[in-house]
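The structure appears below as structure tokens.
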Amino acid sequence: MALRLNIQKCILRKTDSFVMDIEIEKKKGIQRKHIYWAAGILVLIILIGFAFLSAQVSTYRVDKKRILTAKVEEGTFSDYITISGNLEPISTIYLDAREGGRVEKKVAEEGQMVQKGDTILLLSNPDLSLNILNSEAQLAEKSNFLRNTMVTMEQEKLRIKRELLNLKFDIKRKKRKFEQYKILMKDSLISVENYLQTEEDFEYAQKSYELYMERQMQDSIYRSIQIIQMESNLCNMQKNLELVRKRQDHLTVRAPIDGMLTVMDAEIGQSIPKGGRLGQIHVLTSYKVVAEIDEHYIDRVKTGFEALLERQGRDYLLRIRKVHPDVNKGKFKVELVFVGKQPENMRTGQTYYTRLKLGDSKKALLLPKGQFFKNTGGRWAFVLSKDEKYAEKKDIRLGNQNPVYYEVTDGLREGDKVIISDYESFGGNEKIIFK
């Protein structure tokens, strides 16, 4: 048995030696196993790259129940905003003291309805009364002076007429005497000296009459001018007296228009300066809504834009009458007035919500509004994957907005789901994984 085993070992050694002595020819070129090796190495590199990239993307895990999502849908976008405003009277008339004085009596009280011309306050002003008396005295003095002057002028006018009459008759007598002496001179019945003297007397009388007529004309012009000036002064004094009396009428404060006396800042015995504010009257024939709008819309809101106010199941049309140019604390004011009918039982100071139309309705992709906008400004959002197991950050672009929807202009498609809740807790992560 031992001999048999030794023989087998010897045979095996010889066989191995023979085999090792045979030269094996090596195959040249790319073989199939090389391709397999290369493919395996490439797959390994890709897997390592994906793992590396995945490790570089910051992620955040969150319970899906704690977030709010919404789907992008196609629909009709109504371009409007909801604004709140306070109801105010269509206009307010301020009561100012047109004449200063002391308050003697309050006829009307705050909250009372007044009609145009109704007495509200009674004032007194002794200085004004004294001015009226002085003006009346000056007017009477001027009137008397004018009457005396006119009497004197009439007397002077009569005197001049009488003088002219004397001159006429004097001319007539001297003319007759001159003509008689002229005849006698032809017959040499008188001396030449007497003839020449009568001729000179006649010519002197004529020149005196002409000179007196010129004086009368000048005096007449002067008297006319003087009378006109005095009458003008008298007329001015009468007007001044009327104005002073009207100032006295201003001591009675009356309502300038129908409305409600909402403010009365005057008490009995109080001294009111000229031009001092006494109160105000609200005109209640109509109302206006004064609303504040975010400055984001200041370039889009224009005069003439329409709005709807819903009250008691009915819509009432309003129109913007005025847009205030100044911005205060990020808001600007607009005034809206009712067009046509207005609601009943309205009270000044009530708050109303209106839908202000900014543009025409149009077809668009719509995304419900959410808190994410304050974190992103509408420039990006977290969009859910198809299997809704995670959400990734994606650049988007939003257009106009209304109280319900954003108008999507780029970055999203119909059916996409977006996280619209607050992103504050997500930090700077770019991928949200749902638990």
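Keep in mind that this is a model prediction, so the values were computed, not measured.
- Look at Lys239 and Glu242 and you find no salt bridge, because none of the NZ, NE, NH1 or NH2 atoms lies under 4.0 Å from a carboxylate O.
- Minimum interatomic distance between Ala108 and Leu261 (heavy atoms only, all atoms of both residues): CB-CD2, 3.9 Å.
- Between Phe426 and Phe382, the ring planes are perpendicular. Angles over 60° get that label, and only those under 30° would be called parallel.
- Here the straight-line distance linking atom OG1 of Thr252 with atom CZ of Arg254 works out to 5.0 Å at 0.5 Å rounding.
- Looking at Met113 and Leu284, their side chains come closer than 4.5 Å, going by heavy atoms from C-beta outward.
- Residues Thr351 and Asn86 have side chains that bring a donor and an acceptor to within less than 3.5 angstrom of each other.
- Remark: the Gln350 side chain and the Tyr352 side chain contain an N/O donor-acceptor pair separated by less than 3.5 Å.
- The distance from atom CG of Leu398 to atom CG of Leu365, rounded to the nearest 0.5 Å, is 11.0 Å.
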Q: Decide salt bridge (charged side-chain N to carboxylate O under 4.0 Å, His left out) for Glu306 and Arg319; before the verdict, give the C-alpha distance in whole Å, the side-chain angles of both, and the deciding distance to 0.1 Å.
A: CA-CA 4 Å; Glu306 295 181 346; Arg319 183 176 291 120; 3.2 Å; yes
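- A salt bridge links Lys374 with Asp422: at least one charged nitrogen is closer than 4.0 Å to a carboxylate oxygen.
- Residue pairs meeting the salt bridge (Lys or Arg N to Asp or Glu O under 4.0 Å) criterion with at least one partner in residues 259-278, sequence neighbours excluded, are Asp96-Arg277, Lys106-Glu267.
- No side-chain heavy atom of Leu87 sits under 4.5 Å from any side-chain heavy atom of Thr348.
- Gln342 CD to Arg311 CZ: the interatomic distance, rounded to the nearest 0.5 Å, is 11.0 Å.
- Once rounded to the nearest 0.5 Å, the distance linking OG1 of Thr354 with CG of Leu317 reads 11.0 Å.
- Looking only at distances, a side-chain donor or acceptor of Glu110 sits under 3.5 Å from a matching main-chain atom of Met264.
- When all heavy atoms of Ile420 and Lys369 are compared, the closest pair comes out as CD1-O, 3.8 Å.
- Taking the centre of each ring, Phe373 and Tyr406 come in below the 6.0 Å mark.
- With respect to the salt-bridge test (charged N to carboxylate O, under 4.0 angstrom), the residues Asp79 and Arg300 qualify.
- Shortest non-hydrogen contact noted between Leu121 and Ala266 is CD1-CB, 3.8 Å.
- Look at Glu392 and Lys394 and you find no salt bridge, because none of the NZ, NE, NH1 or NH2 atoms lies under 4.0 Å from a carboxylate O.
- Using a 3.5 Å distance cut-off with no hydrogens or angles, the side chains of Thr92 and Gln280 do not pair a donor with an acceptor.
- The closest side-chain donor-acceptor pair between Glu88 and His282, if any, does not fall under 3.5 angstrom.
- Within 6.0 Å of atom OH in Tyr405, 12 or fewer heavy atoms from other residues, nucleotides or ligands are found, so the atom counts as exposed in its surroundings.
- With respect to Glu388 and Lys417, a salt bridge is recorded, a charged nitrogen being found less than 4.0 Å from a carboxylate O.
- In this structure, Phe372 and Tyr423 have tilted ring planes: the angle between them lies in the 30° to 60° band.
- Interatomic distance, CG of Asn125 versus NE2 of His250, reported as 13.0 Å (0.5 Å rounding).
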Q: Apply ring-ring contact (aromatic ring centres under 6.0 Å, His included) to the pair Tyr390 and Phe434, showing each step before the final yes or no.
A: CA-CA 6 Å; Tyr390 62 90; Phe434 303 131; 8.2 Å; no
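- Defined by atom type and a distance below 3.5 Å, a donor-acceptor pair is present between the side-chain atoms of Asn375 and Glu424.
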